[in-house]
Amino acid sequence: MRFWLVKSEPDSFSWDDQVALGAAGGPWDGIRNYQARNNMRAMALGDRAFFYHSNMGKEIVGVVEVCALSHRDPTTDDPRWDCVDFRAIAALPRSVTLTDCKSEPALADMALVRQMRLSVQPVTALEWQRVCDIAGWDGALNLRA
DNA sequence: GCCAACGTTGGC
DNA sequence: GCCAACGTTGGC
């Protein structure tokens with residue numbers, strides 16, 4: 001089980017949009033960056049990711065789960081671009097802002113802080129736990145079962 | 001809306 | 001394979 005963070009501008013695809021897709025989820029398409037694509041290729045079924053609202057909000061608002069492995073991006077004919085599918089797991093009780101991450105020493109090295117423009121990025125287990133703690137979400141504990 | 005960071009493209 | 005020009009992301 002590995003952890004990730006994905007960014008979306010709520011104007012184009014918001015957390016509510018993700019929730020509306022239900023348990024079937026949907027493709028995380030439109031990614032046109034090699035590093036982001038490679039991260040998606042490295043994902044396994046059941047891996048979890050924070051859902052981050054860029055631009056408006058600038059905060060982590062929910063948790064999604066990989067429900068389909070990397071496959072061709074349906075929004076382009078260009079064979080270079082792949083995507084995984086995500087389904088919503090839970091909205092965080094409290095969202096965690098970019099400012100929160102910058103000011104929390106344990107989170108200051110997150111890719112979210114250090115690599116501003118990467119839209120699909122890895123999160124360490126420690127970072128994952130810390131964000132869940134700040135968010136007041138105990139779902140992370142279930143992972144150990 | 002501005003602009004810094006940085007990824008991509010294309011000429012050489 | 002270098003690097004200048006260009007385009008995009010995303011915080012502010």
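Lettering of chains follows the sequences in order, A, B, ..., and the numbering in each one begins at 1.
Every residue meeting the side-chain hydrogen bond (donor to acceptor under 3.5 Å, both in side chains) condition with A:S14, not counting sequence neighbours, appears here in chain and number order: A:D17. By the salt bridge (Lys or Arg N to Asp or Glu O under 4.0 Å) test, A:R37 pairs with no residue at all, sequence neighbours left out. Shown here are the salt bridge (Lys or Arg N to Asp or Glu O under 4.0 Å) partners of A:D109, two or more places apart in sequence or in another chain: A:R114. Under the rule for a side-chain hydrogen bond (donor to acceptor under 3.5 Å, both in side chains), A:R94 has no partner lying at least two apart in sequence or in another chain. Residues passing the side chain to side chain contact (heavy atoms under 4.5 Å, CB included) test with A:N33, sequence neighbours excluded: A:Q35, A:A36, A:L118. Every residue two or more places apart in sequence or in another chain was checked for a salt bridge (Lys or Arg N to Asp or Glu O under 4.0 Å) with A:D85, and none qualifies. Under the side chain to side chain contact (heavy atoms under 4.5 Å, CB included) criterion, A:T76 pairs with A:R32, A:D73, A:D78, A:W81, sequence neighbours left out.
For the contact set between residues 28-43 of chain A and DNA chain B, defined by any heavy atom under 4.0 Å, the members are A:N33, A:Y34. For DNA chain C, the neighbouring residues in residues 5-16 of chain A, judged by any heavy atom under 4.0 Å, are A:K7.
Hydrophobic clustering, with ILVMFWY side chains joined whenever heavy atoms are under 4.5 angstrom apart, keeps A:Y52 apart from A:M56.
Residue whose closest nucleotide on DNA chain B sits further toward the 5' end, between A:N55 and A:M116: A:N55. Residue order along DNA chain B, read from the 5' end via each residue's closest nucleotide, puts A:R114 first among A:R114 and A:R80.
Nucleotides of DNA chain C with any atom under 4.0 Å from a heavy atom of chain A span, from 5' to 3', C:dG7 to C:dC12.
Other residues sharing the hydrophobic cluster of A:V19, ordered by chain and number and joined by side-chain separations under 4.5 Å: A:W4, A:V6, A:F13, A:W15, A:L21, A:W28, A:I31, A:M40, A:M43, A:L45, A:F51, A:V61, A:V64, A:V66, A:L69, A:V84, A:F86, A:V120.
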Sequence neighbours left out, cut at 3.5 Å: what donor-acceptor pairs do the side chains of residues 99-108 of chain A make with other protein atoms?
{"unit_1": "A:D100", "atom_1": "OD1", "unit_2": "A:T97", "atom_2": "OG1", "d": "3.3"}
{"unit_1": "A:D100", "atom_1": "OD2", "unit_2": "A:T97", "atom_2": "N", "d": "2.9"}
{"unit_1": "A:D100", "atom_1": "OD2", "unit_2": "A:T97", "atom_2": "OG1", "d": "3.1"}
{"unit_1": "A:S103", "atom_1": "OG", "unit_2": "A:T99", "atom_2": "O", "d": "2.9"}
{"unit_1": "A:S103", "atom_1": "OG", "unit_2": "A:D100", "atom_2": "O", "d": "3.1"}
{"unit_1": "A:E104", "atom_1": "OE1", "unit_2": "A:R130", "atom_2": "NH2", "d": "3.3"}
{"unit_1": "A:E104", "atom_1": "OE2", "unit_2": "A:A106", "atom_2": "N", "d": "3.2"}
{"unit_1": "A:E104", "atom_1": "OE2", "unit_2": "A:R130", "atom_2": "NE", "d": "3.3"}

